[in-house]
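All values below come from the heavy atoms of this structure, side chains included, with hydrogens, waters and symmetry mates left out.
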Amino acid sequence: MDTSIQAHPITILLVEDNPGDVRLIKEVFKDGKVMNSLNVAKDGMEALAFLHDPSNELPDLILLDLNLPRKKGLEVLDEIKSDPGLRRIPVIILTTSSEEDDIYKSYDLHAGAYLTKPVELNEFITVIRNLE
């Protein structure tokens with residue numbers, strides 16, 4: 001009996017303005033067990049443009065930072081969850097903010113999960129691996 005799990009590729013939209021975090025997340029996913037396609041948006045406006053561009057495949061998952069230039073993460077989350085064509089896409093908040101208000105607002109806007117980025121590199125890698 002074959003007990004191996006056959007993973008199907010998933011499409012992820014990472015909305016992150018920190019190039020170091022982007023690079024690290026790409027590396028962890030590349031080394032992981034789940035095959036995926038990772039698209040990156042550097043701010044909230046770029047993320048929404050990506051999601052509304054009919055030539056792009058909609059992602060299976062969105063990893064969203066809250067502290068973004070041009071349009072903040074909570075505004076992006078609100079727009080995603082208010083759009084009938086996007087609202088079913090799971091959104092995981094991945095941010096440095098551990099403010100209670102940010103956590104409550106994220107869940108009020110129907111975030112699927114709220115993960116705080118650890119400062120320690122090994123802990124951060126563990127958080128990203130657990131996403132898989």
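Side chains of Pro59 and Leu51 form a contact here, defined as non-hydrogen atoms less than 4.5 Å apart. At least one side-chain heavy atom of Asp102 sits under 4.5 Å from a side-chain heavy atom of Leu74. Residues Asn39 and Ser37 are in side-chain contact: their nearest non-hydrogen atoms beyond the backbone lie under 4.5 Å apart. Between Ile12 and Ile62, every side-chain heavy-atom pair lies at or beyond the 4.5 Å cut-off. The shortest side-chain heavy-atom distance between His52 and Asp83 falls under the 4.5 Å cut-off. Looking only at side-chain heavy atoms (C-beta outward), Leu66 and Ser106 come within less than 4.5 Å of each other. The side-chain heavy atoms of Val40 and Glu46, taken from C-beta on, include no pair separated by under 4.5 Å.
Note: Leu63 CG to Asp21 CG = 11.5 Å, rounded to the nearest 0.5 Å. To the nearest 0.5 angstrom, Arg70 atom CZ is 10.5 Å from Leu68 atom CG. Considering CG of Asn18 and CZ of Arg23, their distance stands at 8.5 Å, rounded to 0.5 Å. The structure places CG of Asp108 at 10.0 Å from CG of Leu77, a figure rounded to the nearest 0.5 Å. If you take CD on Glu75 and CG on Leu48, they are separated by 9.5 Å, rounding to the nearest 0.5 Å.
Under a cut-off of 6.0 angstrom, the local environment of OH in Tyr104 is sparse, with at most 12 non-hydrogen atoms contributed by other residues, nucleotides or ligands. When the shell of 6.0 Å around NE2 of His110 is examined, it contains 12 or fewer heavy atoms from other residues, nucleotides or ligands.
Side-chain heavy atoms closer than 4.5 Å link hydrophobic residues (I, L, V, M, F, W, Y) into clusters, and following such links, even through other members, never connects Leu61 to Phe50. A continuous path of hydrophobic side-chain contacts links Leu86 to Tyr107 [ILVMFWY only; heavy atoms under 4.5 Å]. In the hydrophobic clustering of ILVMFWY residues, with side-chain heavy atoms under 4.5 Å counting as a link, Leu38 and Leu13 come out apart. Hydrophobic cluster membership differs between Ile80 and Leu94, with clusters built from Ile, Leu, Val, Met, Phe, Trp and Tyr side chains linked at under 4.5 angstrom. Criterion: ILVMFWY side-chain heavy atoms under 4.5 Å apart, direct or through other members. Under it, Met45 and Leu14 are not part of a common hydrophobic cluster.
Partners of Lys105 under the salt bridge (charged side-chain N to carboxylate O under 4.0 Å, His left out) rule, at least two apart in sequence or in another chain, are Asp101. Residues meeting the side chain to side chain contact (heavy atoms under 4.5 Å, CB included) test with Pro69, sequence neighbours left out: Asp17, Asp43. Residues forming a salt bridge (charged side-chain N to carboxylate O under 4.0 Å, His left out) with Glu79 (at least two apart in sequence, or on another chain): Lys71.
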Working note: Tyr114 + Ile92, criterion side-chain contact (heavy atoms from CB on, under 4.5 Å); need CA distance, chi angles, decisive distance, verdict. CA-CA 6 Å; Tyr114 191 102; Ile92 296 176; over 6 Å; no
Should Val76 and Leu64 be marked as a side-chain contact (heavy atoms from CB on, under 4.5 Å) after you check the CA-CA gap, both sets of side-chain angles, and the distance that decides it? CA-CA 9 Å; Val76 174; Leu64 178 64; 4.1 Å; yes
Given Val91 and Lys81, is the side-chain contact (heavy atoms from CB on, under 4.5 Å) satisfied, shown in steps? CA-CA 9 Å; Val91 179; Lys81 295 304 179 179; 3.9 Å; yes
side-chain contact (heavy atoms from CB on, under 4.5 Å) between Thr116 and Thr95, intermediate numbers included: CA-CA 5 Å; Thr116 304; Thr95 187; 5.5 Å; no
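Contact between Ala47 and Val15 at its shortest, heavy atoms only, is CB-CG2, 3.6 Å.
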